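Only a predicted model underlies this, so the values are computations on that prediction, with no experimental measurement involved. Naming: A, B, ... by sequence-line order, numbering from 1 per chain. All heavy atoms count here, side chains included; hydrogens, waters and symmetry mates do not.
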Amino acid sequence: MMKKRGLITTIGILGAVMCLTCGCTKKVDYSDEYNYETDCQYSYATDVDSWKKIQSDGSNQYILKDNFIYYYSTESGQMTPLCDNVNCLHDQETEQSRITACNAYAPTKNILGYEYIQYYDGNIYFVSENSLYRVSKDGGKKDIVFTTDFTADDEEVPVNAWLIHRGYFYYETETYYYGEDEDTQIYTKCSLKSIKLSSKMSEKKAQVIFESDEEHSVLNLGGLKAYKNYLFYNVIANQNDFEMTDNESWIKQLYYNVYMFNIETGRNEIIPVPEGYSETTKISTIAFLKDKMVFKIYDDLEDEEYQLPIYSINYDLTNEQIWLDNVEQGKCILSYGDYVILSDADIQYFVKDNKESCNIEIYQSDATKVSSFTYPFNSMSFGGFGPDGVNVEFKDGKDSWQVYELKFEDVLNCQGEEVKLELVGERKYGLMHQGD
Amino acid sequence: MKVKKLLCAVMLSAMLVASLGATTVYAGSTISDSHNGISLGGSVRYASAPSGTVNGITATTTCGPANYLYAKAVVCYKVAGNKYTNSATNSSAGGGTSATATTNDVGVVYGGIGTHSVRVSGWEWNNKTTSIGENW
(Lines give C-alpha, C1' and ligand atoms only; values in the text may rest on other atoms or scores of the structure.)
Protein backbone atom coordinates (compact mmCIF):
# COMPACT_ATOMS: atom_id res chain seq x y z
CA MET A 1 0.00 0.00 0.00
CA MET A 2 2.78 2.43 0.87
CA LYS A 3 4.44 1.80 -2.48
CA LYS A 4 1.22 2.50 -4.35
CA ARG A 5 0.66 5.72 -2.44
CA GLY A 6 4.21 6.88 -3.08
CA LEU A 7 4.06 6.39 -6.83
CA ILE A 8 1.38 8.89 -7.49
CA THR A 9 2.21 11.26 -4.67
CA THR A 10 5.74 11.89 -5.89
CA ILE A 11 4.48 13.06 -9.22
CA GLY A 12 1.88 15.16 -7.50
CA ILE A 13 4.43 16.95 -5.36
CA LEU A 14 6.77 17.44 -8.30
CA GLY A 15 3.89 18.98 -10.19
CA ALA A 16 3.21 21.32 -7.35
CA VAL A 17 6.85 22.35 -7.07
CA MET A 18 6.92 22.98 -10.82
CA CYS A 19 3.80 25.06 -10.45
CA LEU A 20 5.43 27.22 -7.84
CA THR A 21 8.68 27.69 -9.67
CA CYS A 22 6.99 28.49 -12.96
CA GLY A 23 4.20 30.64 -11.61
CA CYS A 24 4.69 34.37 -11.81
CA THR A 25 1.16 35.61 -11.19
CA LYS A 26 0.48 38.57 -8.94
CA LYS A 27 -1.07 37.51 -5.64
CA VAL A 28 -4.40 38.85 -4.46
CA ASP A 29 -4.81 39.11 -0.72
CA TYR A 30 -7.85 37.00 0.06
CA SER A 31 -9.09 37.31 3.58
CA ASP A 32 -8.39 34.59 6.10
CA GLU A 33 -12.15 34.41 6.51
CA TYR A 34 -14.47 32.41 4.29
CA ASN A 35 -16.02 34.59 1.59
CA TYR A 36 -18.84 33.00 -0.42
CA GLU A 37 -18.24 35.46 -3.29
CA THR A 38 -14.76 34.18 -4.04
CA ASP A 39 -14.56 30.89 -2.13
CA CYS A 40 -15.94 27.49 -3.05
CA GLN A 41 -19.34 27.17 -1.35
CA TYR A 42 -18.21 24.11 0.57
CA SER A 43 -21.26 23.91 2.85
CA TYR A 44 -23.30 22.37 0.02
CA ALA A 45 -20.77 19.54 -0.41
CA THR A 46 -22.36 16.14 0.10
CA ASP A 47 -21.10 12.63 -0.58
CA VAL A 48 -22.19 12.99 -4.23
CA ASP A 49 -19.19 13.87 -6.36
CA SER A 50 -21.32 16.11 -8.56
CA TRP A 51 -22.59 18.23 -5.66
CA LYS A 52 -22.77 21.82 -6.91
CA LYS A 53 -26.31 21.89 -8.28
CA ILE A 54 -27.38 24.64 -5.86
CA GLN A 55 -25.39 27.85 -5.42
CA SER A 56 -26.11 31.14 -3.67
CA ASP A 57 -25.14 34.77 -4.06
CA GLY A 58 -25.67 35.29 -0.36
CA SER A 59 -29.41 35.80 -0.46
CA ASN A 60 -30.77 34.20 -3.64
CA GLN A 61 -30.22 30.75 -5.15
CA TYR A 62 -29.13 29.40 -8.51
CA ILE A 63 -30.38 25.92 -9.31
CA LEU A 64 -29.23 23.56 -12.07
CA LYS A 65 -32.05 21.37 -13.31
CA ASP A 66 -32.46 19.52 -16.62
CA ASN A 67 -29.65 21.50 -18.29
CA PHE A 68 -31.03 24.93 -17.32
CA ILE A 69 -29.95 27.35 -14.61
CA TYR A 70 -32.85 28.77 -12.59
CA TYR A 71 -32.72 31.79 -10.36
CA TYR A 72 -34.81 31.98 -7.21
CA SER A 73 -35.19 35.49 -5.85
CA THR A 74 -35.82 35.58 -2.12
CA GLU A 75 -37.12 39.13 -2.45
CA SER A 76 -39.74 38.50 -5.14
CA GLY A 77 -40.39 34.85 -4.34
CA GLN A 78 -40.12 34.08 -8.05
CA MET A 79 -38.14 31.32 -9.73
CA THR A 80 -37.15 31.99 -13.33
CA PRO A 81 -34.60 30.72 -15.86
CA LEU A 82 -31.40 32.79 -15.66
CA CYS A 83 -31.90 34.56 -18.99
CA ASP A 84 -33.26 38.00 -19.80
CA ASN A 85 -33.16 37.63 -23.59
CA VAL A 86 -36.23 39.20 -25.13
CA ASN A 87 -38.70 36.69 -26.62
CA CYS A 88 -36.81 33.69 -25.27
CA LEU A 89 -39.02 30.91 -23.95
CA HIS A 90 -36.04 29.29 -22.18
CA ASP A 91 -36.86 25.74 -21.09
CA GLN A 92 -40.09 25.79 -23.10
CA GLU A 93 -38.28 26.36 -26.42
CA THR A 94 -38.52 23.51 -28.91
CA GLU A 95 -35.84 24.34 -31.50
CA GLN A 96 -32.29 23.41 -30.57
CA SER A 97 -30.84 26.67 -31.95
CA ARG A 98 -33.17 28.72 -29.74
CA ILE A 99 -32.45 26.50 -26.74
CA THR A 100 -28.72 26.96 -27.25
CA ALA A 101 -29.15 30.74 -27.50
CA CYS A 102 -30.89 30.90 -24.11
CA ASN A 103 -28.52 32.25 -21.46
CA ALA A 104 -29.95 29.82 -18.91
CA TYR A 105 -29.14 26.76 -21.04
CA ALA A 106 -26.24 24.88 -19.46
CA PRO A 107 -25.61 21.45 -20.96
CA THR A 108 -23.17 20.46 -18.27
CA LYS A 109 -23.10 16.69 -18.12
CA ASN A 110 -19.75 15.46 -19.37
CA ILE A 111 -18.12 12.10 -19.93
CA LEU A 112 -17.74 11.46 -16.21
CA GLY A 113 -21.34 12.44 -15.64
CA TYR A 114 -20.47 15.61 -13.73
CA GLU A 115 -23.34 18.02 -13.65
CA TYR A 116 -22.86 21.24 -11.74
CA ILE A 117 -22.56 25.01 -11.69
CA GLN A 118 -20.68 27.46 -9.51
CA TYR A 119 -21.42 30.95 -8.35
CA TYR A 120 -18.31 33.10 -8.27
CA ASP A 121 -18.05 36.85 -7.80
CA GLY A 122 -21.24 37.91 -9.55
CA ASN A 123 -21.36 35.24 -12.24
CA ILE A 124 -22.50 31.65 -12.56
CA TYR A 125 -20.01 29.33 -14.26
CA PHE A 126 -20.48 25.95 -15.86
CA VAL A 127 -18.40 23.61 -18.01
CA SER A 128 -19.68 22.04 -21.19
CA GLU A 129 -17.31 19.60 -22.88
CA ASN A 130 -14.00 21.48 -23.21
CA SER A 131 -15.12 25.01 -22.34
CA LEU A 132 -15.80 27.08 -19.25
CA TYR A 133 -18.88 29.30 -19.63
CA ARG A 134 -19.83 32.36 -17.62
CA VAL A 135 -23.38 33.69 -17.16
CA SER A 136 -23.90 37.05 -15.47
CA LYS A 137 -26.02 36.83 -12.33
CA ASP A 138 -28.75 38.93 -13.97
CA GLY A 139 -28.96 36.52 -16.92
CA GLY A 140 -28.01 39.25 -19.37
CA LYS A 141 -24.87 37.71 -20.81
CA LYS A 142 -23.32 34.31 -21.47
CA ASP A 143 -19.84 33.80 -22.85
CA ILE A 144 -17.00 31.30 -23.03
CA VAL A 145 -14.01 32.29 -20.92
CA PHE A 146 -11.73 29.28 -21.42
CA THR A 147 -11.30 26.34 -23.76
CA THR A 148 -8.75 23.58 -23.38
CA ASP A 149 -6.16 23.07 -26.10
CA PHE A 150 -6.75 20.40 -28.70
CA THR A 151 -4.54 17.31 -28.69
CA ALA A 152 -1.81 16.70 -31.25
CA ASP A 153 -4.40 14.57 -33.09
CA ASP A 154 -6.70 17.59 -33.17
CA GLU A 155 -9.14 16.14 -30.68
CA GLU A 156 -10.99 18.10 -28.04
CA VAL A 157 -9.93 17.59 -24.43
CA PRO A 158 -13.03 17.67 -22.22
CA VAL A 159 -12.87 19.12 -18.73
CA ASN A 160 -14.09 16.67 -16.12
CA ALA A 161 -14.05 17.77 -12.47
CA TRP A 162 -13.58 21.49 -11.88
CA LEU A 163 -13.80 24.18 -9.25
CA ILE A 164 -13.27 27.94 -9.00
CA HIS A 165 -11.72 29.26 -5.82
CA ARG A 166 -9.93 32.46 -4.89
CA GLY A 167 -9.19 33.60 -8.41
CA TYR A 168 -8.23 30.27 -9.95
CA PHE A 169 -9.97 27.71 -12.12
CA TYR A 170 -8.97 24.17 -11.11
CA TYR A 171 -9.77 21.49 -13.65
CA GLU A 172 -9.11 17.86 -14.42
CA THR A 173 -8.52 16.36 -17.85
CA GLU A 174 -7.79 12.84 -19.02
CA THR A 175 -5.45 11.39 -21.59
CA TYR A 176 -4.95 7.78 -22.56
CA TYR A 177 -2.03 5.46 -22.98
CA TYR A 178 -1.72 1.92 -24.19
CA GLY A 179 -0.19 -1.40 -23.22
CA GLU A 180 1.30 -3.91 -25.66
CA ASP A 181 -2.15 -4.76 -26.96
CA GLU A 182 -3.61 -1.43 -28.00
CA ASP A 183 -7.06 -2.90 -28.50
CA THR A 184 -7.58 -4.07 -24.95
CA GLN A 185 -4.91 -2.41 -22.82
CA ILE A 186 -6.15 1.15 -22.75
CA TYR A 187 -5.41 3.12 -19.60
CA THR A 188 -6.40 6.52 -18.31
CA LYS A 189 -4.01 9.16 -17.10
CA CYS A 190 -5.30 12.31 -15.42
CA SER A 191 -4.03 15.78 -14.68
CA LEU A 192 -5.27 18.40 -12.27
CA LYS A 193 -4.28 21.90 -13.33
CA SER A 194 -4.94 25.44 -12.22
CA ILE A 195 -5.21 28.60 -14.24
CA LYS A 196 -5.83 32.15 -13.14
CA LEU A 197 -9.37 33.31 -13.88
CA SER A 198 -9.15 36.24 -16.26
CA SER A 199 -10.35 37.54 -19.59
CA LYS A 200 -7.29 36.01 -21.30
CA MET A 201 -7.19 32.45 -20.09
CA SER A 202 -4.91 30.16 -22.06
CA GLU A 203 -3.92 26.61 -21.24
CA LYS A 204 -0.33 27.58 -21.88
CA LYS A 205 -0.52 29.41 -18.57
CA ALA A 206 -1.96 26.41 -16.72
CA GLN A 207 0.07 24.88 -13.94
CA VAL A 208 0.04 21.19 -13.07
CA ILE A 209 -0.97 20.33 -9.53
CA PHE A 210 -1.23 16.59 -9.94
CA GLU A 211 -0.52 14.08 -12.66
CA SER A 212 -0.93 10.32 -12.37
CA ASP A 213 1.77 7.85 -13.36
CA GLU A 214 1.70 5.17 -16.05
CA GLU A 215 1.48 2.20 -13.72
CA HIS A 216 -2.08 3.06 -12.76
CA SER A 217 -5.24 3.63 -14.70
CA VAL A 218 -7.22 6.39 -13.07
CA LEU A 219 -10.97 6.00 -12.75
CA ASN A 220 -11.66 9.28 -11.06
CA LEU A 221 -9.93 12.40 -9.88
CA GLY A 222 -12.78 14.21 -8.21
CA GLY A 223 -14.29 15.21 -4.90
CA LEU A 224 -12.99 18.73 -5.52
CA LYS A 225 -13.62 21.07 -2.62
CA ALA A 226 -11.76 24.06 -1.30
CA TYR A 227 -11.64 25.93 1.97
CA LYS A 228 -9.60 29.08 2.51
CA ASN A 229 -6.11 28.29 1.17
CA TYR A 230 -6.62 24.58 0.69
CA LEU A 231 -7.85 22.54 -2.25
CA PHE A 232 -8.99 18.97 -1.64
CA TYR A 233 -9.45 16.17 -4.17
CA ASN A 234 -9.39 12.41 -4.27
CA VAL A 235 -7.87 9.97 -6.71
CA ILE A 236 -9.27 6.52 -7.46
CA ALA A 237 -7.09 4.24 -9.55
CA ASN A 238 -6.24 0.63 -10.37
CA GLN A 239 -2.96 -1.04 -11.07
CA ASN A 240 -2.88 -1.43 -14.85
CA ASP A 241 -2.83 -5.22 -14.74
CA PHE A 242 -5.69 -5.53 -12.24
CA GLU A 243 -8.51 -7.92 -13.08
CA MET A 244 -11.48 -8.17 -10.75
CA THR A 245 -12.23 -11.68 -9.53
CA ASP A 246 -14.82 -10.81 -6.92
CA ASN A 247 -16.12 -7.83 -4.99
CA GLU A 248 -13.39 -8.12 -2.38
CA SER A 249 -10.58 -8.04 -4.91
CA TRP A 250 -11.13 -4.44 -6.02
CA ILE A 251 -11.40 -3.23 -2.46
CA LYS A 252 -8.07 -4.76 -1.51
CA GLN A 253 -6.11 -3.44 -4.47
CA LEU A 254 -7.73 -0.01 -4.77
CA TYR A 255 -5.61 3.11 -4.94
CA TYR A 256 -7.79 5.69 -3.21
CA ASN A 257 -6.40 8.73 -1.49
CA VAL A 258 -7.59 12.17 -0.50
CA TYR A 259 -5.12 14.93 -1.31
CA MET A 260 -4.78 18.38 0.21
CA PHE A 261 -3.08 21.09 -1.83
CA ASN A 262 -1.94 24.29 -0.16
CA ILE A 263 -2.58 26.98 -2.77
CA GLU A 264 -0.12 29.35 -1.09
CA THR A 265 2.85 27.06 -0.58
CA GLY A 266 2.17 24.49 -3.31
CA ARG A 267 2.49 21.64 -0.84
CA ASN A 268 0.49 18.66 -2.06
CA GLU A 269 0.01 15.82 0.39
CA ILE A 270 -2.15 12.85 1.16
CA ILE A 271 -4.36 13.12 4.23
CA PRO A 272 -3.29 10.04 6.16
CA VAL A 273 -5.73 7.43 7.40
CA PRO A 274 -5.44 7.31 11.21
CA GLU A 275 -3.28 4.47 12.46
CA GLY A 276 -4.72 1.16 13.53
CA TYR A 277 -7.15 0.53 10.70
CA SER A 278 -7.09 -2.03 7.91
CA GLU A 279 -5.71 -1.16 4.46
CA THR A 280 -9.26 -1.16 3.13
CA THR A 281 -10.18 1.79 5.37
CA LYS A 282 -10.09 5.10 3.48
CA ILE A 283 -10.66 8.76 4.19
CA SER A 284 -14.20 9.37 3.01
CA THR A 285 -15.76 12.85 3.27
CA ILE A 286 -14.23 15.94 4.87
CA ALA A 287 -16.05 18.89 6.39
CA PHE A 288 -14.48 22.23 7.21
CA LEU A 289 -14.62 24.19 10.45
CA LYS A 290 -12.92 27.50 11.15
CA ASP A 291 -9.84 26.12 12.88
CA LYS A 292 -9.89 22.43 11.97
CA MET A 293 -11.46 19.91 9.65
CA VAL A 294 -13.39 16.79 10.51
CA PHE A 295 -13.36 13.68 8.39
CA LYS A 296 -14.97 10.30 8.40
CA ILE A 297 -13.31 7.06 7.46
CA TYR A 298 -14.96 4.23 5.55
CA ASP A 299 -14.21 0.55 5.05
CA ASP A 300 -15.67 -0.85 1.82
CA LEU A 301 -15.51 -4.36 3.27
CA GLU A 302 -18.07 -3.33 5.89
CA ASP A 303 -21.70 -2.27 5.55
CA GLU A 304 -23.19 1.21 5.98
CA GLU A 305 -24.11 0.65 9.63
CA TYR A 306 -20.60 -0.40 10.66
CA GLN A 307 -19.40 2.07 13.27
CA LEU A 308 -16.17 4.02 13.08
CA PRO A 309 -15.02 7.30 14.64
CA ILE A 310 -15.13 10.70 12.98
CA TYR A 311 -11.79 12.46 13.38
CA SER A 312 -10.73 16.08 13.61
CA ILE A 313 -7.38 17.39 12.48
CA ASN A 314 -5.80 20.82 12.10
CA TYR A 315 -5.25 22.28 8.64
CA ASP A 316 -1.51 21.65 9.02
CA LEU A 317 -2.41 17.98 9.58
CA THR A 318 -1.41 18.07 13.26
CA ASN A 319 -3.45 17.23 16.35
CA GLU A 320 -5.43 14.38 14.83
CA GLN A 321 -7.95 13.10 17.36
CA ILE A 322 -11.25 11.31 17.59
CA TRP A 323 -13.96 13.96 17.32
CA LEU A 324 -16.98 11.69 17.70
CA ASP A 325 -16.84 7.95 18.30
CA ASN A 326 -19.10 5.10 17.18
CA VAL A 327 -20.74 6.73 14.17
CA GLU A 328 -22.27 4.61 11.40
CA GLN A 329 -19.88 4.91 8.47
CA GLY A 330 -22.79 5.42 6.06
CA LYS A 331 -23.59 8.80 7.61
CA CYS A 332 -22.63 11.84 5.58
CA ILE A 333 -20.86 14.80 7.17
CA LEU A 334 -21.26 18.41 6.11
CA SER A 335 -20.49 21.69 7.82
CA TYR A 336 -22.00 25.15 8.03
CA GLY A 337 -20.06 27.90 9.77
CA ASP A 338 -18.63 26.23 12.85
CA TYR A 339 -21.31 23.53 12.97
CA VAL A 340 -21.02 19.94 11.78
CA ILE A 341 -24.07 18.29 10.24
CA LEU A 342 -24.58 14.52 10.11
CA SER A 343 -27.16 12.95 7.81
CA ASP A 344 -28.25 9.31 7.69
CA ALA A 345 -29.90 9.64 4.25
CA ASP A 346 -27.90 6.76 2.76
CA ILE A 347 -28.66 4.42 5.64
CA GLN A 348 -32.35 5.25 5.50
CA TYR A 349 -32.49 4.89 1.71
CA PHE A 350 -30.38 1.81 1.12
CA VAL A 351 -30.51 -0.10 4.41
CA LYS A 352 -33.89 0.81 5.92
CA ASP A 353 -35.60 1.15 2.52
CA ASN A 354 -37.00 4.48 3.71
CA LYS A 355 -37.16 6.77 0.69
CA GLU A 356 -39.37 9.38 2.37
CA SER A 357 -37.21 10.93 5.07
CA CYS A 358 -33.85 11.01 6.81
CA ASN A 359 -32.46 12.16 10.13
CA ILE A 360 -30.20 15.16 10.61
CA GLU A 361 -28.03 16.02 13.60
CA ILE A 362 -26.23 19.30 14.20
CA TYR A 363 -23.12 19.50 16.36
CA GLN A 364 -20.97 22.34 17.62
CA SER A 365 -17.29 22.24 16.76
CA ASP A 366 -16.55 20.61 20.14
CA ALA A 367 -18.85 17.69 19.18
CA THR A 368 -21.69 18.79 21.45
CA LYS A 369 -25.00 17.91 19.79
CA VAL A 370 -27.29 20.93 19.65
CA SER A 371 -30.12 19.79 17.42
CA SER A 372 -31.67 16.79 15.69
CA PHE A 373 -34.64 16.58 13.37
CA THR A 374 -36.32 14.44 10.74
CA TYR A 375 -36.05 15.85 7.25
CA PRO A 376 -39.13 14.99 5.15
CA PHE A 377 -37.24 14.17 1.95
CA ASN A 378 -34.70 11.53 1.09
CA SER A 379 -32.98 11.90 -2.25
CA MET A 380 -30.01 9.81 -1.03
CA SER A 381 -28.30 12.94 0.30
CA PHE A 382 -29.08 15.92 2.49
CA GLY A 383 -27.94 18.99 0.56
CA GLY A 384 -26.62 21.12 3.40
CA PHE A 385 -27.11 24.84 3.97
CA GLY A 386 -25.75 27.51 1.67
CA PRO A 387 -23.89 30.65 2.72
CA ASP A 388 -27.30 32.32 3.07
CA GLY A 389 -28.25 29.73 5.71
CA VAL A 390 -30.86 28.15 3.44
CA ASN A 391 -31.23 24.50 2.49
CA VAL A 392 -32.76 23.99 -0.96
CA GLU A 393 -34.42 20.79 -2.10
CA PHE A 394 -36.26 20.16 -5.31
CA LYS A 395 -38.78 17.46 -5.95
CA ASP A 396 -40.04 16.05 -9.23
CA GLY A 397 -43.78 15.92 -9.78
CA LYS A 398 -45.81 14.64 -12.69
CA ASP A 399 -45.86 17.75 -14.85
CA SER A 400 -43.77 20.15 -12.84
CA TRP A 401 -41.02 20.32 -10.27
CA GLN A 402 -41.06 22.14 -6.96
CA VAL A 403 -38.43 23.92 -4.91
CA TYR A 404 -38.53 23.79 -1.12
CA GLU A 405 -36.46 25.65 1.42
CA LEU A 406 -35.46 25.26 5.05
CA LYS A 407 -33.63 27.89 7.10
CA PHE A 408 -30.75 26.89 9.36
CA GLU A 409 -31.89 29.27 12.11
CA ASP A 410 -35.24 27.47 12.23
CA VAL A 411 -33.72 24.06 12.95
CA LEU A 412 -30.91 24.91 15.32
CA ASN A 413 -32.81 23.88 18.43
CA CYS A 414 -34.88 20.89 17.35
CA GLN A 415 -35.52 17.90 19.60
CA GLY A 416 -36.00 15.16 17.03
CA GLU A 417 -39.26 16.36 15.50
CA GLU A 418 -40.03 16.33 11.78
CA VAL A 419 -39.52 19.75 10.23
CA LYS A 420 -41.64 21.27 7.48
CA LEU A 421 -40.05 22.77 4.41
CA GLU A 422 -41.49 25.81 2.70
CA LEU A 423 -42.60 25.46 -0.92
CA VAL A 424 -41.08 28.49 -2.64
CA GLY A 425 -41.24 27.73 -6.33
CA GLU A 426 -42.81 25.50 -8.94
CA ARG A 427 -42.08 25.22 -12.63
CA LYS A 428 -43.56 23.22 -15.46
CA TYR A 429 -41.15 20.81 -17.09
CA GLY A 430 -39.46 21.90 -20.28
CA LEU A 431 -38.57 19.65 -23.19
CA MET A 432 -35.15 18.83 -21.71
CA HIS A 433 -36.80 16.94 -18.89
CA GLN A 434 -37.12 13.27 -19.70
CA GLY A 435 -38.30 11.96 -16.37
CA ASP A 436 -36.43 10.56 -13.44
CA MET B 1 -13.03 10.46 -25.14
CA LYS B 2 -11.07 8.60 -27.77
CA VAL B 3 -10.54 5.57 -25.59
CA LYS B 4 -14.11 5.46 -24.42
CA LYS B 5 -15.21 5.35 -28.02
CA LEU B 6 -12.64 2.67 -28.80
CA LEU B 7 -13.78 0.57 -25.90
CA CYS B 8 -17.35 0.93 -27.03
CA ALA B 9 -16.44 -0.12 -30.54
CA VAL B 10 -14.70 -3.23 -29.27
CA MET B 11 -17.72 -4.20 -27.22
CA LEU B 12 -20.32 -3.15 -29.74
CA SER B 13 -20.97 -6.46 -31.45
CA ALA B 14 -21.22 -8.50 -28.30
CA MET B 15 -23.38 -5.94 -26.56
CA LEU B 16 -25.76 -5.66 -29.44
CA VAL B 17 -26.28 -9.40 -29.56
CA ALA B 18 -26.85 -9.51 -25.83
CA SER B 19 -29.14 -6.54 -25.64
CA LEU B 20 -31.29 -7.57 -28.55
CA GLY B 21 -31.63 -11.05 -27.17
CA ALA B 22 -33.34 -12.10 -23.98
CA THR B 23 -32.43 -9.48 -21.43
CA THR B 24 -34.05 -8.92 -18.08
CA VAL B 25 -36.46 -6.02 -18.34
CA TYR B 26 -36.40 -3.54 -15.47
CA ALA B 27 -38.98 -0.84 -14.77
CA GLY B 28 -38.04 2.17 -16.84
CA SER B 29 -35.14 0.34 -18.41
CA THR B 30 -36.63 0.25 -21.90
CA ILE B 31 -38.32 2.75 -24.15
CA SER B 32 -39.87 2.24 -27.56
CA ASP B 33 -41.48 4.38 -30.21
CA SER B 34 -42.27 4.37 -33.89
CA HIS B 35 -42.22 6.90 -36.69
CA ASN B 36 -43.63 6.30 -40.18
CA GLY B 37 -43.59 2.58 -39.55
CA ILE B 38 -40.01 2.59 -38.28
CA SER B 39 -39.47 1.15 -34.81
CA LEU B 40 -37.11 2.86 -32.43
CA GLY B 41 -35.89 1.57 -29.11
CA GLY B 42 -33.67 2.33 -26.17
CA SER B 43 -32.63 0.17 -23.26
CA VAL B 44 -30.22 0.10 -20.38
CA ARG B 45 -28.93 -2.89 -18.47
CA TYR B 46 -26.14 -3.89 -16.12
CA ALA B 47 -22.80 -4.94 -17.57
CA SER B 48 -20.47 -7.43 -15.94
CA ALA B 49 -16.76 -8.09 -15.72
CA PRO B 50 -15.51 -11.50 -16.93
CA SER B 51 -15.74 -12.63 -13.31
CA GLY B 52 -19.47 -12.00 -13.40
CA THR B 53 -19.43 -9.06 -10.99
CA VAL B 54 -21.46 -6.07 -12.14
CA ASN B 55 -19.07 -3.33 -13.17
CA GLY B 56 -21.04 -1.02 -15.41
CA ILE B 57 -24.06 -0.04 -17.42
CA THR B 58 -24.80 -0.64 -21.09
CA ALA B 59 -27.16 1.63 -23.00
CA THR B 60 -28.40 0.50 -26.40
CA THR B 61 -30.26 2.43 -29.08
CA THR B 62 -31.88 0.62 -31.98
CA CYS B 63 -33.59 1.67 -35.18
CA GLY B 64 -33.77 0.13 -38.62
CA PRO B 65 -32.89 2.55 -41.39
CA ALA B 66 -31.46 5.51 -39.51
CA ASN B 67 -28.99 8.20 -40.53
CA TYR B 68 -27.59 8.47 -37.04
CA LEU B 69 -27.95 6.58 -33.77
CA TYR B 70 -26.50 7.66 -30.46
CA ALA B 71 -26.30 5.96 -27.07
CA LYS B 72 -24.86 7.23 -23.83
CA ALA B 73 -24.52 5.23 -20.62
CA VAL B 74 -23.97 6.74 -17.18
CA VAL B 75 -23.05 4.37 -14.37
CA CYS B 76 -23.63 5.36 -10.74
CA TYR B 77 -21.32 3.74 -8.22
CA LYS B 78 -19.96 4.12 -4.71
CA VAL B 79 -16.44 3.96 -3.36
CA ALA B 80 -15.51 4.67 0.28
CA GLY B 81 -19.03 5.88 0.97
CA ASN B 82 -18.99 8.54 -1.76
CA LYS B 83 -21.15 8.59 -4.88
CA TYR B 84 -19.57 8.83 -8.33
CA THR B 85 -20.57 8.60 -11.96
CA ASN B 86 -18.84 7.63 -15.16
CA SER B 87 -20.18 7.59 -18.68
CA ALA B 88 -19.47 6.49 -22.22
CA THR B 89 -20.99 7.31 -25.60
CA ASN B 90 -21.15 5.67 -28.98
CA SER B 91 -22.84 6.32 -32.30
CA SER B 92 -23.40 4.57 -35.59
CA ALA B 93 -25.13 5.07 -38.92
CA GLY B 94 -27.78 2.39 -38.70
CA GLY B 95 -29.09 -0.76 -37.03
CA GLY B 96 -28.07 -0.26 -33.43
CA THR B 97 -25.43 1.20 -31.21
CA SER B 98 -24.37 0.51 -27.65
CA ALA B 99 -22.24 2.29 -25.10
CA THR B 100 -20.91 0.72 -21.93
CA ALA B 101 -19.80 2.85 -19.01
CA THR B 102 -17.76 0.87 -16.52
CA THR B 103 -16.22 1.51 -13.14
CA ASN B 104 -12.81 0.13 -14.17
CA ASP B 105 -13.71 -2.83 -11.96
CA VAL B 106 -13.88 -0.82 -8.73
CA GLY B 107 -16.78 0.37 -6.62
CA VAL B 108 -20.27 -0.93 -6.12
CA VAL B 109 -22.65 -0.25 -9.00
CA TYR B 110 -26.06 1.06 -7.90
CA GLY B 111 -27.64 1.87 -11.24
CA GLY B 112 -27.40 4.03 -14.30
CA ILE B 113 -29.04 6.04 -17.01
CA GLY B 114 -29.20 5.52 -20.76
CA THR B 115 -29.66 8.39 -23.18
CA HIS B 116 -30.84 7.59 -26.69
CA SER B 117 -31.08 9.63 -29.87
CA VAL B 118 -31.97 8.73 -33.46
CA ARG B 119 -32.00 10.84 -36.60
CA VAL B 120 -33.79 9.45 -39.60
CA SER B 121 -34.66 11.35 -42.79
CA GLY B 122 -34.52 14.70 -41.04
CA TRP B 123 -36.71 13.54 -38.15
CA GLU B 124 -35.19 13.41 -34.67
CA TRP B 125 -35.89 11.26 -31.64
CA ASN B 126 -33.75 13.14 -29.19
CA ASN B 127 -32.34 12.54 -25.71
CA LYS B 128 -34.80 9.89 -24.61
CA THR B 129 -33.78 8.36 -21.30
CA THR B 130 -33.97 4.97 -19.67
CA SER B 131 -32.82 4.11 -16.20
CA ILE B 132 -32.03 1.19 -13.98
CA GLY B 133 -31.47 0.96 -10.22
CA GLU B 134 -30.60 4.10 -8.27
CA ASN B 135 -29.17 7.20 -9.89
CA TRP B 136 -27.51 10.38 -8.70
S.K.: Is there a salt bridge (Lys or Arg N to Asp or Glu O under 4.0 Å) between Lys189(A) and Glu214(A)? Walk through the geometry before answering.
M.R.: CA-CA 7 Å; Lys189(A) 188 174 181 174; Glu214(A) 293 202 352; 3.6 Å; yes
S.K.: Measure centre to centre between the rings of Tyr105(A) and Phe68(A), then say whether the value is under 6.0 Å.
M.R.: yes
S.K.: Compute the ring centroids of Tyr110(B) and Trp136(B), then answer whether they are less than 6.0 Å apart.
M.R.: yes
S.K.: Measure Lys53(A) against the heavy atoms of chain B and call it side chain, backbone, both or neither at under 4.5 Å.
M.R.: neither
S.K.: Relative to chain A, which of Val54(B), Thr103(B), Asn135(B), Val75(B) shows the most heavy atom pairs under 4.5 Å?
M.R.: Thr103(B)
S.K.: May I ask you to name which of Ile297(A), Asp299(A), Asp246(A), Asn234(A) has the most heavy-atom pairs under 4.5 Å with chain B?
M.R.: Asn234(A)
S.K.: Need one label for Asp346(A): side chain, backbone, both or neither, based on atoms under 4.5 Å from any heavy atom in chain B.
M.R.: side chain
S.K.: Quick one: which of Ala80(B), Ala101(B), Ala49(B) has the most heavy-atom pairs under 4.5 Å with chain A, could you say?
M.R.: Ala80(B)
S.K.: Sort Ser284(A) into side chain, backbone, both or neither according to what part of it lies under 4.5 angstrom from a heavy atom of chain B.
M.R.: both
S.K.: Measure centre to centre between the rings of Tyr116(A) and Tyr114(A), then say whether the value is under 6.0 Å.
M.R.: yes
S.K.: Under the side chain to side chain donor-acceptor pair (under 3.5 Å) criterion, do Tyr187(A) and Asn104(B) qualify, and how do the steps go?
M.R.: CA-CA 10 Å; Tyr187(A) 310 117; Asn104(B) 281 9; over 6 Å; no
S.K.: Which pairs with one or both residues in residues 52-87 of chain B pass ring-ring contact (aromatic ring centres under 6.0 Å, His included), sequence neighbours excluded?
M.R.: Tyr77(B)-Tyr84(B)
S.K.: Output the option from Thr53(B), Thr115(B), Val108(B), Asn55(B) having the highest count of non-hydrogen pairs under 4.5 Å with chain A.
M.R.: Thr53(B)
